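See structure below.
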Amino acid sequence: MFQLSEHTAQEIVDKMMQDIPYNINIMNDQGVIIGSGNRRRVGTIHQGAVKALATGKMIEVWTDGRNEKKGTNEPIVIDHKRVGVIGITGNPDEVRPFCNLVRTTVSLLIEQGTALKNSA
């Protein structure tokens, strides 16, 4: 199974944040942040991502807490496997459409990478 590298995840975050006015995090299949608009968070566990990976559903956080900020966390699912999570900080009603867009972009990149790897 193809996985996103930290480098690729960070590139996606950097490019998407040029058009999306919210912080974006990309987490791996363990809930560890591998790309973020706040680079100090790279390498840390994201609790919303852990919950999204466990349930397979979007997790919405509606109030800032000590260890989490309000926003959405949506699992990235490839071939029925949860391979990561997209998180966007902000009011869930505002960031939900952006989360879907980033998730689709990341899913397409993973699928393309897998196809290229399998054809080689």
Side-chain angles (χ1 to χ4, degrees):
M1 167 52 77
F2 178 83
Q3 293 184 336
L4 281 177
S5 68
E6 283 186 21
H7 175 77
T8 302
Q10 191 61 55
E11 279 187 332
I12 292 167
V13 166
D14 292 343
K15 288 181 181 172
M16 294 301 260
M17 285 184 62
Q18 290 175 6
D19 297 318
I20 297 173
Y22 300 96
N23 185 58
I24 298 171
N25 295 310
I26 298 177
M27 285 69 71
N28 67 12
D29 62 344
Q30 302 296 309
V32 175
I33 298 173
I34 60 173
S36 178
N38 179 352
R39 297 201 184 202
R40 292 184 308 254
R41 295 194 63 196
V42 173
T44 64
I45 296 285
H46 190 289
Q47 292 304 318
V50 171
K51 291 175 191 171
L53 288 163
T55 64
K57 297 179 181 176
M58 179 184 281
I59 299 298
E60 295 181 344
V61 177
W62 288 91
T63 56
D64 288 346
R66 189 168 145 228
N67 295 321
E68 61 186 2
K69 294 184 182 284
K70 64 182 173 180
T72 58
N73 298 284
E74 185 167 9
I76 303 164
V77 179
I78 306 289
D79 293 330
H80 307 289
K81 294 180 184 168
R82 298 171 201 151
V83 300
V85 176
I86 299 299
I88 301 186
T89 306
N91 180 306
D93 287 332
E94 294 174 15
V95 301
R96 194 177 303 112
F98 295 117
C99 196
N100 293 333
L101 179 65
V102 176
R103 179 191 40 80
T104 298
T105 300
V106 171
S107 296
L108 289 170
L109 287 170
I110 292 172
E111 289 170 356
Q112 180 184 35
T114 302
L116 289 171
K117 184 178 176 184
N118 290 338
S119 69

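All values reported here derive from a predicted model rather than from experimental measurement.
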For this session: Please answer whether the main-chain N or O of G37 pairs with a side-chain N or O of N23 as donor and acceptor at a distance below 3.5 Å.
Result: yes

Exercise. If you take all heavy atoms of G71 and P92, which pair is closest and at what distance?
Worked result: O-CG, 3.8 Å

For this session: Answer whether the closest heavy-atom distance between the side chains of N100 and M58 falls below 4.5 Å.
Result: yes

Exercise. In terms of hydrophobic clusters joined by side-chain contacts under 4.5 Å, are V61 and I20 together?
Worked result: no

Exercise. Nearest 0.5 Å, what's the CG-CD1 distance between L109 and I12?
Worked result: 4.5 Å

Exercise. So how far is it from N73 CG to N25 CG, rounded to the nearest 0.5 Å?
Worked result: 8.0 Å

For this session: Taking the side chain as every heavy atom from C-beta outward, state whether R82 and V77 have any atom pair closer than 4.5 Å.
Result: yes

Exercise. Side chain of Q10, backbone of S36: donor and acceptor closer than 3.5 Å?
Worked result: yes

Exercise. How close do A52 and P75 get, heavy atom to heavy atom, and via which atoms?
Worked result: O-CG, 3.6 Å

Exercise. Just by modelled atom types, is the D93 backbone N or O under 3.5 Å from a matching donor or acceptor in the N91 side chain?
Worked result: yes

Exercise. Looking only at heavy atoms, what is the nearest atom pair of I86 and R103, with distance?
Worked result: CG1-CA, 3.7 Å

For this session: Grab the two heavy atoms, one from Q30 and one from I45, that are nearest each other, plus how far apart they are.
Result: O-CD1, 4.1 Å

Problem set entry | I26 reachable from V32 in the ILVMFWY side-chain graph, under 4.5 Å edges | no

For this session: Evaluate the side-chain proximity of R39 to D14: yes if any heavy-atom separation is below 4.5 Å, no if none is.
Result: yes

Problem set entry | Side-chain touch L101/M16, heavy atoms, less than 4.5 angstrom | yes

Seminar exercise, completed: Between E94 and P97, the two heavy atoms sitting closest are O-CD, 3.6 Å

Seminar exercise, completed: Scanning both residues in full, the closest heavy-atom pair of G90 with Y22 reads CA-CD2, 4.4 Å

Exercise. In the hydrophobic clustering (ILVMFWY, side-chain contacts below 4.5 Å, transitive), which residues join M27, or is it alone?
Worked result: I33, V42, L53, V85

Problem set entry | Co-membership, hydrophobic cluster, residues V83 and V13, 4.5 Å side-chain | yes

Exercise. If two hydrophobic side chains count as joined below 4.5 Å and joins carry through other members, does M17 share a cluster with I88?
Worked result: yes

For this session: Please tell me if the side chains of F98 and D19 come closer than 4.5 Å, counting only heavy atoms from C-beta onward.
Result: no

